[in-house]
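Inspection log for the structure reproduced underneath, given as structure tokens.
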There are 2 protein chains.
Amino acid sequence: MFCKNKQCLLGKQERTYKLDSYIDVTIIEKQTNRKYKKMQNFHPTGVCPIRDILSHLSSKWATLILITLNANKTMRFSDIQKSIGDISQRMLTVTLRSLETDGLISRKIYAEIPPRVEYKLTERGYSLIPHIEGLVNWAIENMPMIMKNRKTNKLTTNGQESF
Amino acid sequence: MFCKNKQCLLGKQERTYKLDSYIDVTIIEKQTNRKYKKMQNFHPTGVCPIRDILSHLSSKWATLILITLNANKTMRFSDIQKSIGDISQRMLTVTLRSLETDGLISRKIYAEIPPRVEYKLTERGYSLIPHIEGLVNWAIENMPMIMKNRKTNKLTTNGQESF
DNA sequence: CCGTATCCATTCTGATACTG
DNA sequence: CAGTATCAGAATGGATACGG
């Protein structure tokens, strides 16, 4: 893992600066004198926030659920499913549970027949939204160019420099 | 897909407002009168920027590579590998190619023996960094509480409201 | 209505071996 | 050094059936 410190196997190690709150370390290789920075976990327990949050977003559905809940404030299970459109019942359940476990959404069960369950973002969930929207807006702006790149770069497998 | 418009199968459809540049639509179900907003693709071609960017981040390695390149400016293949620590040669190659195809990084090959290849972020790549750092910093701040939640929520499977 | 359980297909990832 | 090729296991996601 990113987070299991093997220490520096490569040569001298040199503490450098803090960059936006994740810590890195400069590695200098003895033989070649080549240098590079290595991101370092600063939770000695083996929990790496960077990897952890990324693995969360990596779920195909988590972020879409958060966006949907943000837009709707409070939603029932079936409404989330219809809002997203193509998520299976299973994946919706699984993803909601994992978001709940992390305290990003809350679940309220009404003891009625038929049952009703309402989901909404917690405060922590809401605090994540601006960052997600940052990414989303970036994606929207850049998508046209990226699509263009994908097409052209399919062919240019042999250039010296790709762009 | 999120992006293939099935139109509204459910009832009246009503155009609402633009929220941070992704468009949604309010669905009102005829029978129940229940309402929810549905995110709508606004690229009629079937390309959904939201899903696309998310699927990118969902690659286990892409974001770590971007962070590393941002910290180091220019890196050789083997230095990226050592910087990240536990990425296999194969996954590094695969992920670098996909980032290159999308124009987030550039690859420069020096025709030497032994070969040398240097990677760096493109301008577009750099433009993504602040958004990634937003997420990363959020993760770093919130991780302690999230870890706590995970432990406590393991047991409370039966509460009426989870928090 | 809101799940859970089971099974299966697909995708992703890592290990290993080999090349210009 | 910087890859490519191949294969196997793990992780992920979807379809279906059933239950409180």
Side-chain angles (χ1 to χ4, degrees), chain A residues 1-2 4 10 29 31-32 34 36 51 54-65 74-100 105-119 157-162, chain B residues 1-2 10 29 31-32 34 36 51 54-65 74-100 105-120 157-162:
Chain A
M1 305 295 271
F2 196 64
K4 82 180 171 213
L10 305 160
E29 289 198 55
Q31 304 86 343
T32 62
R34 268 155 58 197
Y36 60 86
R51 294 206 182 204
L54 294 179
S55 83
H56 248 290
L57 295 181
S58 84
S59 138
K60 189 175 171 186
W61 302 112
T63 314
L64 293 177
I65 291 174
T74 295
M75 293 181 92
R76 300 178 57 162
F77 185 91
S78 53
D79 286 336
I80 301 174
Q81 192 172 23
K82 282 179 277 186
S83 173
I84 291 179
D86 62 336
I87 187 173
S88 67
Q89 200 175 29
R90 181 180 126 81
M91 289 317 297
L92 183 53
T93 304
V94 169
T95 313
L96 285 172
R97 286 295 174 280
S98 118
L99 291 171
E100 190 192 357
I105 66 174
S106 70
R107 174 168 59 140
K108 191 166 185 179
I109 304 166
Y110 295 88
E112 304 170 357
I113 306 274
R116 179 159 60 104
V117 182
E118 286 185 348
Y119 295 89
T157 45
N158 226 358
Q160 281 300 82
E161 179 154 21
S162 25
Chain B
M1 303 300 271
F2 197 64
L10 304 160
E29 290 197 57
Q31 304 85 345
T32 62
R34 268 155 58 198
Y36 60 86
R51 292 205 184 206
L54 293 180
S55 82
H56 247 290
L57 295 182
S58 83
S59 136
K60 190 174 169 186
W61 302 112
T63 313
L64 293 177
I65 291 174
T74 296
M75 294 181 92
R76 300 178 57 161
F77 185 92
S78 54
D79 286 336
I80 301 175
Q81 191 172 23
K82 281 178 278 185
S83 174
I84 291 180
D86 63 336
I87 186 173
S88 66
Q89 199 173 30
R90 182 180 127 79
M91 290 317 298
L92 183 53
T93 304
V94 168
T95 313
L96 286 171
R97 286 293 175 280
S98 117
L99 291 171
E100 189 191 358
I105 66 174
S106 71
R107 174 167 60 140
K108 191 165 185 179
I109 304 165
Y110 294 88
E112 303 172 357
I113 308 270
R116 179 159 60 103
V117 181
E118 286 185 348
Y119 295 88
K120 63 181 178 189
T157 45
N158 228 358
Q160 280 300 82
E161 180 154 18
S162 25

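Order of the sequence lines sets the chain letters (A, B, ...), proteins ahead of strands, with each chain counted from 1.
- Atom-to-atom, CZ of R97(B) to P of dA5(D) comes out at 11 Å; the value is rounded to the nearest Å.
- Across all strands, Q89(A) comes closer than 4.0 Å to base atoms (heavy-atom distances).
- For P115(A), whose side chain is taken as the heavy atoms from C-beta onward, the closest listed nucleotide among dG13(D), dG20(D), dC1(D) is dG20(D).
- Two residues are said to be in side-chain contact when any heavy atoms from C-beta on lie closer than 4.5 Å; L92(A) and I65(A) meet this criterion.
- The shortest distance between side-chain heavy atoms of Y119(A) and I80(A) falls below 4.5 Å.
- Between dT13(C), dG14(D), dC2(C), one nucleotide has an atom nearer to the side chain of F77(A) than all others, and that is dC2(C).
- Taking side-chain N and O atoms only, R107(A) has a distance below 4.0 Å to OP1 or OP2 of dG3(C).
- For the pair L96(A) CG and dG3(C) C1', the interatomic distance rounds to 11 Å; values are reported in whole Å.
- Distance CD (Q81(A)) to P (dT4(C)): 13 Å, rounded to an integer number of Å.
- An OP1 or OP2 oxygen of dC2(C) is reached within less than 4.0 angstrom by a side-chain nitrogen or oxygen of R76(A).
- As a whole-Å value, the separation of K60(A) NZ from dC12(C) C1' is 14 Å.
- One can place CG of D79(A) at 10 Å from P of dC1(C), the figure rounded to the nearest angstrom.
- In this entry the distance linking CD1 of I87(A) with P of dT12(D) reads 15 Å, nearest Å.
- Among the protein residues, T93(A) comes within range of the nucleic acid bases, having at least one heavy atom under 4.0 Å from a base atom.
- Taking the side chain of M91(B) as heavy atoms from C-beta on, and the options dG14(C), dG14(D), dC1(C), the nearest nucleotide is dG14(C).
- Atom pair I113(A):CD1 and dC1(C):P shows a separation of 13 Å (rounding to whole Å applied).
- The CD1 atom of I80(B) sits 13 Å away from the C1' atom of dC1(D) (whole-angstrom rounding).
- In terms of polar N and O atoms assigned as donor or acceptor, the side chain of R90(A) comes within less than 3.5 Å of the base of dG13(D) in a complementary pairing.
- Cation-pi geometry between R116(A) and Y110(A) is met: the NZ or CZ atom falls under 6.0 Å from the ring centre, inside 45° of the normal.
- Distances from the side chain of V117(B) to the nucleotides dG13(D), dA2(D), dC2(C) place dA2(D) closest.
- Nearest to the side chain of Y119(A), among dG14(D), dG3(C), dG14(C), sits dG3(C).
- Under 4.0 Å is where a charged nitrogen must lie from a carboxylate oxygen, and between K60(B) and D86(B) no such pair does.
- Look at E100(B) and R107(B) and you find a salt bridge, because one of the NZ, NE, NH1 or NH2 atoms lies within 4.0 Å of a carboxylate O, short of that distance.
- For S78(B), a side-chain nitrogen or oxygen approaches OP1 or OP2 of dA2(D) to under 4.0 Å.
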